[in-house]
**Student:** 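Okay, here's the structure, questions in a sec.
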Protein chains: 2
Amino acid sequence: MDSEIRRLRAEHDLSQADLARLVGVSRQTINAIETGRYDPSLTLAARLARHFGKAIEEVFHVQDS
Amino acid sequence: MDSEIRRLRAEHDLSQADLARLVGVSRQTINAIETGRYDPSLTLAARLARHFGKAIEEVFHVQDS
DNA sequence: TCCATATGACAAGCCTGCTTGACATCGCTC
DNA sequence: GAGCGATGTCAAGCAGGCTTGTCATATGGA
């Protein structure tokens with residue numbers, strides 16, 4: 001799953017650890033999402049999108065399979 | 001996680017099995033989501049929302065915690 | 001050079017999304 | 001009453017999200 005997390009995080013001048021703390025997950029989870037090693041849960045995707053004031057679909061580009 | 005799936009499915013006159021087939025999961029998965037036994041993955045949430053022409057946030061009401 | 005911060009990644013373990021297969025119940029129609 | 005579609009739920013099993021802990025590497029500043 002492709003996402004805008006890395007870009008948004010950079011725009012907001014946050015480290016992976018900062019963002020992780022802000023949305024309540026571990027640093028490794030943010031890293032794994034940014035590097036595409038796994039997809040976030042719906043709950044985490046919603047928290048991340050909300051944090052950046054965006055819709056989930058604007059932040060995560062789900063395959064239209 | 002609270003959702004509009006049951007209402008939307010009824011509006012579209014679909015059985016759980018119909019909707020399951022349309023989005024490519026098992027009937028039990030749709031049932032479990034409707035009865036709140038578990039939350040869908042981001043991918044499935046996106047497929048369901050897209051099927052009904054809605055944003056994910058309009059269909060799934062994620063706790064704001 | 002040394003230290004701190006940031007990032008990438010791995011392993012083990014837990015929890016849960018999702019599967020197939022099965023069974024029960026309900027409401028409807030024959 | 002028998003059969004059928006729809007729904008609810010359970011069990012076992014697999015896959016993957018997420019955790020903590022750890023290590024390696026790069027970069028920048030004192």
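Letters A, B, ... are given to chains in the order of the sequence lines, protein chains preceding strands, and every chain is numbered from 1. None of these values were measured; they are calculated from a predicted model.
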**Student:** Using only heavy-atom distances, decide whether a donor-acceptor pair under 3.5 angstrom links the side-chain of B:Gln28 to the base of C:dG21.
**Tutor:** yes

**Student:** At 4.0 Å (heavy atoms only), tell me whether A:Thr35 reaches a base, stays on the sugar-phosphate, or touches nothing.
**Tutor:** sugar-phosphate

**Student:** A:Tyr38 has an atom OH; how far is it from atom P of C:dT16, in whole Å?
**Tutor:** 15 Å

**Student:** How many Å lie between CG on B:Leu44 and P on C:dT16, as a whole number?
**Tutor:** 18 Å

**Student:** Does OP1 or OP2 of D:dG8 have a side-chain N or O of B:Gln16 closer than 4.0 Å?
**Tutor:** yes

**Student:** Do the side chain of B:Asn31 and the main chain of B:Gln28 share a donor and acceptor less than 3.5 angstrom apart?
**Tutor:** no

**Student:** Between B:Ser41 and D:dG16, is there a side-chain N or O to OP1/OP2 distance below 4.0 Å?
**Tutor:** no

**Student:** I want to check something: taking the side chain as every heavy atom from C-beta on, are B:Arg27 and B:Arg21 in contact at a cut-off of under 4.5 Å?
**Tutor:** no

**Student:** Is the closest side-chain heavy-atom distance between A:Leu8 and A:Leu19 below 4.5 Å?
**Tutor:** no

**Student:** The side chain of A:Asp39 lies closest to which of these nucleotides: D:dC18, D:dT7, D:dG17?
**Tutor:** D:dG17

**Student:** Can you measure A:Ile30 atom CD1 to D:dT20 atom P for me and round it to whole angstrom units?
**Tutor:** 13 Å

**Student:** How close or far is atom P of C:dG8 from atom CG of A:Leu19, stated in whole angstroms?
**Tutor:** 13 Å

**Student:** Atom CG of A:Asp13 to atom C1' of C:dT5: distance rounded to whole Å?
**Tutor:** 13 Å

**Student:** How about A:Asp39 and A:Val62: do any of their side-chain heavy atoms sit closer than 4.5 Å?
**Tutor:** no

**Student:** For A:Asn31 and C:dG8, is the shortest distance between a side-chain N/O and OP1 or OP2 below 4.0 Å?
**Tutor:** yes

**Student:** Atom CZ of A:Arg27 and atom P of C:dA6: how far apart are they, to the nearest Å?
**Tutor:** 10 Å

**Student:** On the nucleotide C:dC18, are OP1 or OP2 found under 4.0 Å from the side-chain N or O atoms that B:Arg47 carries?
**Tutor:** no

**Student:** Would you tell me if any nitrogen or oxygen in the side chain of B:Arg6 comes within less than 4.0 Å of OP1 or OP2 on D:dG8?
**Tutor:** yes

**Student:** Tell me if the side-chain of A:Glu34 makes a donor-acceptor pair with the base of C:dG8, cut-off 3.5 Å, by modelled atom types.
**Tutor:** no

**Student:** Are OP1 or OP2 of D:dT9 and a side-chain N or O of B:Arg37 less than 4.0 angstrom apart?
**Tutor:** yes

**Student:** What's the CG-C1' distance between B:Asp18 and D:dT7, to the nearest Å?
**Tutor:** 13 Å

**Student:** Relative to the 5' end of DNA chain C, which residue comes earlier, A:Arg9 or B:Ile33, by the nucleotide with the nearest heavy atom?
**Tutor:** A:Arg9

**Student:** Ion pair present between A:Glu34 and A:Arg9, side-chain N to carboxylate O less than 4.0 angstrom?
**Tutor:** yes

**Student:** Using a cut-off of strictly less than 4.0 Å, decide whether A:Ser15 has a side-chain nitrogen or oxygen near OP1 or OP2 of C:dT5.
**Tutor:** no

**Student:** Tell me the interatomic distance from B:His12, atom NE2, to D:dA6, atom C1', rounded to whole angstroms.
**Tutor:** 19 Å

**Student:** Enter the distance from B:Ile5:CD1 to B:Phe60:CZ here, rounded to the nearest 0.5 Å.
**Tutor:** 4.0 Å

**Student:** At 4.0 Å (heavy atoms only), tell me whether B:Ser26 reaches a base, stays on the sugar-phosphate, or touches nothing.
**Tutor:** base

